[in-house]
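What follows is a short report on a single structure.
Worth saying up front: this structure is predicted, and the values here are computed from it rather than measured.
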Amino acid sequence: MRDRKLLVTEMGRVSKEEYRNLPDSGVVVVLDNIRSAHNVGSAFRSSDAFGVDKVCVCGISAVPPSAEIHKTAIGAEEAVPWEYFGKTLDALKRLREEGYTLVAVEQTVHSIKLGDFRPEAGKKYALVFGNEVSGVDQEAVDFCDFSLEIPQKGSKHSLNVAVSVGVVLWAVTSGV
């Protein structure tokens, strides 16, 4: 039997306006000083794909509108709500006040392997993704409730931040 790719009209996608009316997922993405606007755009695109409630863009990270963000986000930056914070710690303080559990996606002494993490039903999570070179700032790691680590086998010990966003969002939103 031959398979056929679905047409865009068959995929049941929501409009940008409908996206904002989706039920809350309880997941927020925090971008901690992401250098590349293309990585920011990719984070928006993955956030859209997995139904994230909001993206907090912090520090030196590029913000919409931006041609570079739009190139990889392909419009997701217009659907997913976002907010800019000059300092990542300010975003984390606000999210904690709003009842989010703060999670640094980082390799730390006590990080939990992503495959061992099971999100608790009804709990809200803010996932903090760090700079392409230095990762999540230590001050932000210290303020978070715990760290999640993506297990890896290669020699580089890291993934591109945009790839990390997709991997972690898939795991957290699918309950794997």
Side-chain angles (χ1 to χ4, degrees), residues 23-37 39-64 69 76-77 80-154 156-176:
D24 285 347
S25 67
V27 177
V28 167
V29 166
V30 179
L31 301 178
D32 178 28
N33 292 295
I34 305 301
R35 296 181 316 162
S36 164
N39 283 338
V40 171
S42 183
F44 269 100
R45 190 168 173 183
S46 292
S47 293
D48 175 90
F50 295 107
V52 165
D53 297 333
K54 177 169 74 170
V55 174
C56 295
V57 185
C58 304
I60 66 167
S61 305
V63 296
I69 290 174
E77 78 281 15
V80 179
W82 63 274
E83 187 173 358
Y84 175 76
F85 292 85
K87 296 181 181 178
T88 303
L89 204 54
D90 292 340
L92 297 179
K93 287 175 182 176
R94 164 108 58 81
L95 291 165
R96 177 164 284 149
E97 289 171 4
E98 294 175 2
Y100 284 87
T101 297
L102 308 177
V103 183
V105 180
E106 187 60 82
Q107 298 163 336
T108 67
V109 174
H110 299 292
S111 56
I112 298 168
K113 303 288 187 206
L114 184 59
D116 295 334
F117 175 65
R118 297 293 176 263
E120 292 180 42
K123 202 168 194 179
K124 300 188 303 185
Y125 295 94
L127 305 169
V128 185
F129 296 89
N131 178 276
E132 294 89 339
V133 174
S134 57
V136 178
D137 184 76
Q138 185 63 52
E139 184 179 43
V141 171
D142 292 343
F143 195 75
C144 285
D145 297 300
F146 62 92
S147 297
L148 278 181
E149 176 180 343
I150 302 169
Q152 299 164 53
K153 297 179 181 179
K156 294 300 167 196
H157 307 292
S158 70
L159 292 168
N160 175 279
V161 65
V163 173
S164 295
V165 171
V167 168
V168 171
L169 286 179
W170 180 82
V172 170
T173 61
S174 68
V176 171

_Check against side-chain contact (heavy atoms from CB on, under 4.5 Å), Val30 and Phe85_ = CA-CA 10 Å; Val30 179; Phe85 292 85; over 6 Å; no
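- Closest approach of Gly166 to Phe50, counting heavy atoms only: O-CE1, 3.9 Å.
- Each of Val52, Thr101, Val165, Leu169 was compared with Leu127 under the side chain to side chain contact (heavy atoms under 4.5 Å, CB included) criterion, and only Leu169 meets it.
- Minimum interatomic distance between Ile34 and Asn131 (heavy atoms only, all atoms of both residues): CD1-N, 4.0 Å.
- A 4.5 Å side-chain heavy-atom check between Ile60 and Arg35 finds at least one atom pair inside the cut-off.
- Ring pair Tyr125/Phe146 is perpendicular by interplanar angle, where above 60° counts as perpendicular and below 30° as parallel.
- Between Leu95 and Ala126, the shortest heavy-atom distance links the atoms CD1-CB, 3.8 Å.
- Expressed to the nearest 0.5 Å, how far CG of Asp116 lies from NZ of Lys113 amounts to 8.5 Å.
- Other residues, nucleotides and ligands contribute at most 12 non-hydrogen atoms within 6.0 Å of the CD atom of Glu139.
- Residue pairs meeting the side chain to side chain donor-acceptor pair (under 3.5 Å) criterion with at least one member in residues 42-53, sequence neighbours excluded, are Ser25-Asp53.
- Considering every non-hydrogen atom in both Ser61 and Tyr84, the closest pair reads O-CE1, 4.4 Å.
- Annotation: Lys54, atom NZ; neighbour count of heavy atoms from other residues, nucleotides and ligands within 6.0 Å is above 12.
- Using a 4.5 Å heavy-atom threshold, the side chains of Leu114 and Pro151 count as touching.
- Here the side chain of Gln152 pairs a donor or acceptor atom with the backbone of Ile150 at under 3.5 angstrom.
- Closest of all the heavy-atom pairs between Thr88 and Asp32 is OG1-OD1, 2.6 Å.
- Here the CG atom belonging to Leu148 is positioned 11.0 Å from the CD atom belonging to Glu106, to the nearest 0.5 angstrom.
- Here the closest non-hydrogen pair linking Glu132 and Asn33 is OE1-O, 4.2 Å.
- A donor-acceptor contact shorter than 3.5 Å is absent between the side chain of Ser111 and the backbone of Gln107.
- Salt-bridge check for Lys124 with Glu98: failed, with every basic side-chain N at 4.0 Å or more from each acidic carboxylate O.
- Atom CG in Leu31 sits 9.5 Å away from atom CG in Asn39 (nearest 0.5 Å).
- Glu77 contributes no side-chain N or O that, together with a main-chain N or O of Pro64, makes up a donor-acceptor pair within less than 3.5 Å.
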